Number of protein chains: 2
Amino acid sequence: MQTKVGQFPRSEGSLGIREVARHARVSTATVSRTINGIESVDRRLAARVWKSVQELGYSPNVFARSLASGRTRLLGLIVPDRSDPFFAEVAQWFEETAWALGYEMLLSPIGSNVERRSYFIGRMRERKVEGVAVMVFDLDSALIEEFSVLKVPIVYVNAGPEFADATTLSVNYWYGIRAAVQHLASMGHRQIAFIGGQNLRRSSTPKLKAFIRATQEIGCVPWTIEIDESFEGGIRAMKELLDSDVRPTAIICSSGLVALGALRVLDQTGVDVPKQMSIIGFDDVPFAEFVNPPLTTIHIPRRDLARLAVTTLRALIETPREHAVKSSWEVPTSLIVRESTDFLAGSALSKSSIHGSAALLGVQGAVILEDCG
Amino acid sequence: MQTKVGQFPRSEGSLGIREVARHARVSTATVSRTINGIESVDRRLAARVWKSVQELGYSPNVFARSLASGRTRLLGLIVPDRSDPFFAEVAQWFEETAWALGYEMLLSPIGSNVERRSYFIGRMRERKVEGVAVMVFDLDSALIEEFSVLKVPIVYVNAGPEFADATTLSVNYWYGIRAAVQHLASMGHRQIAFIGGQNLRRSSTPKLKAFIRATQEIGCVPWTIEIDESFEGGIRAMKELLDSDVRPTAIICSSGLVALGALRVLDQTGVDVPKQMSIIGFDDVPFAEFVNPPLTTIHIPRRDLARLAVTTLRALIETPREHAVKSSWEVPTSLIVRESTDFLAGSALSKSSIHGSAALLGVQGAVILEDCG
DNA sequence: ATGAAAGCGCTAACAA
DNA sequence: TTGTTAGCGCTTTCAT
């Protein structure tokens with residue numbers, strides 16, 4: 001019989017379930033059952049237990065609990081970069097939703113280098129995540145391999161391989177981009193350019209496709225210009241556009257930052273937005289509404305996306321995986337009209353009530369155009 | 001002798017330290033020592049162990065590890081609101097620093113309602129945090145009480161009680177605000193207003209004091225206007241200022257959002273920034289540099305603050321607490337000059353090289369004025 | 001330097 | 001319904 005001491009000062013006087021049990025004059029099992037809300041416990045005993053818990057100031061040790069139960073209630077979320085405001089917000093909603101369902105989030109901003117990636121993968125393994133949401137497009141197959149070894153459910157969000165049985169969630173850019181194009185067309189714009197590019201999110205392709213389809217739909221020639229998706233990219237593209245013989249009258253940017261860059265050039269060049277040029281961005285960036293003029297943006301439902309990821313994961317985890325069928329879900333985008341878009345100058349069309357009402361809502365007001373689908 | 005089954009499907013084939021030990025033909029103790037990098041292990045045995053770890057794809061169970069060792073290596077960080085970009089960034093640096101030192105962060109965005117607060121406090125207790133950084137000013141004493149029961153080290157960051165023995169870190173606003181006032185004064189401004197207020201951060205008072213002292217220092221009368229610290233607050237204050245008989249020529253805002261609000265009003269009123277009015281904000285908000293014109297801001301060293309919090313906590317945790325002395329640290333603020341400040345129109349002063357060089361740095365360039373202290 | 005074995009605090013059979 | 005008890009997977013003494 002040895003008395004364990006340990007190098008590190010343990011929490012005071014080992015206040016564990018045993019002390020509570022002794023104090024309440026019941027067994028540890030009863031304490032455990034009470035704390036975990038198991039019905040079968042006698043009301044009077046339960047009351048005694050809770051009282052002891054209070055008096056002693058007991059709080060269960062999650063580590064012991066996980067070890068004993070074999071459950072961790074941990075959900076992994078793999079993103080490229082936590083400092084990107086888009087992923088930051090998604091992560092926040094993911095965590096919030098997870099909490100609401102009794103889970104924890106383990107965030108893995110794996111970046112781009114391989115060491116960092118396997119570090120985070122290892123971390124998730126050590127902590128025994130029960131499921132993982134993958135939000136990076138180019139997670140290499142070796143890592144995916146490593147994961148499948150774990151045999152935990154995975155959902156791919158707006159990314160990932162087209163496994164026959166992979167569960168996927170995706171953002172439908174078509175709705176929002178089509179709404180944007182039609183919004184512009186309805187105000188007389190025919191020369192609409194799209195500034196897009198490639199980045200970590202790799203959502204460029206679907207956005208581009210949607211733009212092309214939407215412009216063709218209204219009988220216009222798609223006008224696109226590719227850049228790296230950033231503030232500087234927006235600056236370069238806008239300069240290029242301004243230099244061309246015939247200027248577009250409206251521009252859709254593939255991200256909020258790109259739009260901010262475009263706006264900068266326009267401001268410096270003295271081009272009035274929206275009178276001389278209309279700009280539409282994405283709300284993947286905060287402060288789109290605090291900028292001058294407030295940006296008309298395509299809204300990505302980050303919160304819905306995050307929630308869907310968590311709930312899907314939970315379903316996968318808690319459902320006996322007898323009939324694991326491929327399932328895929330989609331969240332729609334929409335258009336938020338603010339003040340960076342207006343009627344084409346010299347257009348025969350006059351101000352419609354839609355835009356008028358947007359202005360009426362005041363500085364932060366916005367009218368949301370649902371998808372036209 | 002019973003074979004444990006468990007309700008929940010456990011990780012495949014119980015790949016634990018025992019399997020590794022068997023595979024490497026050593027004891028579990030040796031495996032443990034090897035994995036934890038304990039020197040005394042024979043090189044050849046260690047090699048065998050690592051090989052087995054590789055081949056088996058073993059990764060230790062953190063829960064068991066924590067349970068056995070009595071250490072959690074968890075650091076709590078209490079903030080009001082994780083969606084505030086300031087705290088979001090601090091939290092990120094906190095976590096990053098913690099990782100670098102082998103710790104984890106447990107974030108508690110306790111908000112304002114009591115239930116939420118005690119929920120997060122409870123969470124930290126359950127998880128046995130080894131130390132806590134408190135970044136909220138008005139953590140009520142009851143909660144502090146609850147914490148002191150845990151007997152874990154606490155550092156108060158820019159907040160908290162003035163316990164005789166409390167460890168505190170704080171932001172020195174004096175340097176940055178003084179630099180801002182002097183920057184303006186050097187460009188001929190004498191009518192400088194300060195838009196400030198109160199918010200969760202409660203950093204208003206030190207900021208206000210610093211402003212008053214700095215303006216008096218240059219022989220000006222402090223001109224302050226109080227609002228709630230927000231975008232709308234900035235709008236209201238700016239409107240009020242524009243309506244007054246005599247307008248200020250330069251304005252320092254107590255936060256980035258307030259500055260954005262002020263900028264909005266100025267833009268709508270057709271007041272040119274910086275030609276007709278200079279604006280200075282705080283960089284507690286991203287995109288201050290992406291706005292038009294790029295905002296001259298007072299820089300708060302969020303990263304240093306977070307790092308200091310973590311390293312201080314670690315020192316407190318890992319140092320035998322024999323002589324626990326009160327200690328306090330400070331991080332300085334500084335001024336980042338961009339393009340929202342300029343010479344007073346009609347001033348006898350001409351453009352100095354300082355501002356000229358800022359312009360030369362281009363769209364995103366900035367010259368940092370260190371504290372004048 | 002290595003191994004045997006006693007727990008860490010809890011959960012969940014199983015028995016009562 | 002309640003209690004007894006065998007682990008969960010690891011660390012760390014203690015003995016070798």
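These numbers come from a predicted model, not from an experiment. Proteins get letters first, then strands, A, B, ... in listed order; numbering begins at 1 in each.
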Asks: Think A:R18 has a side-chain N or O under 4.0 angstrom from the OP1 or OP2 of C:dC8?
Replies: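 The answer is yes; a side-chain N or O of A:R18 sits under 4.0 Å from OP1 or OP2.
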Asks: Check this one for me: any side-chain N or O of B:N36 less than 4.0 Å away from OP1 or OP2 of D:dT11?
Replies: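 Yes, such a contact exists.
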Asks: So, does B:S69 get its side chain near the phosphate of D:dT11, meaning an N or O under 4.0 Å from OP1 or OP2?
Replies: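 False: B:S69 side-chain N/O out of range (4.0 Å or more) of D:dT11 OP1/OP2.
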Asks: I want to check one thing: is the phosphate of C:dT2, taken as OP1 and OP2, less than 4.0 Å away from some side-chain N or O of B:T30?
Replies: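 No.
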Asks: Just say parallel, tilted or perpendicular for the rings of A:F63 and B:F63, cut-offs at 30° and 60°.
Replies: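 The arrangement is tilted - the two ring planes meet at 30° to 60°.
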Asks: Looking only at the side chain of B:R65 (C-beta and beyond, no hydrogens), which of the listed nucleotides D:dG3, C:dT11, D:dC10 gets closest?
Replies: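 Among the listed nucleotides, the one closest to the side chain of B:R65 is D:dC10.
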Asks: OP1, OP2 of D:dT4 versus side-chain N and O of A:S27: anything below 4.0 Å?
Replies: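 Looking at the OP1 and OP2 atoms of D:dT4, neither is under 4.0 Å from any side-chain N or O of A:S27.
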Asks: What nucleotide among C:dT11, C:dA5, C:dA4 has an atom nearest to a side-chain atom of B:T28?
Replies: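 The listed nucleotide nearest to B:T28's side chain is C:dA5.
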Asks: Looking only at the side chain of A:R33 (C-beta and beyond, no hydrogens), which of the listed nucleotides D:dG7, D:dT11, D:dT2 gets closest?
Replies: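 Within the option list, the nearest is D:dT2.
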Asks: Within the structure shown, what part of the strands sits under 4.0 Å from B:S32 by heavy-atom distance: base, sugar-phosphate, or nothing?
Replies: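 Here B:S32 touches the bases of the nucleic acid.
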Asks: With heavy atoms under 4.0 Å as the rule, sort B:V31 into base, sugar-phosphate or nothing.
Replies: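 No contact at all - B:V31 keeps every heavy atom at 4.0 Å or more from the nucleic acid.
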Asks: Between C:dT2, D:dC10, C:dG9, spot the one nearest the side chain of B:V41, thanks.
Replies: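 Ranking C:dT2, D:dC10, C:dG9 by closest atom to the B:V41 side chain puts C:dT2 first.
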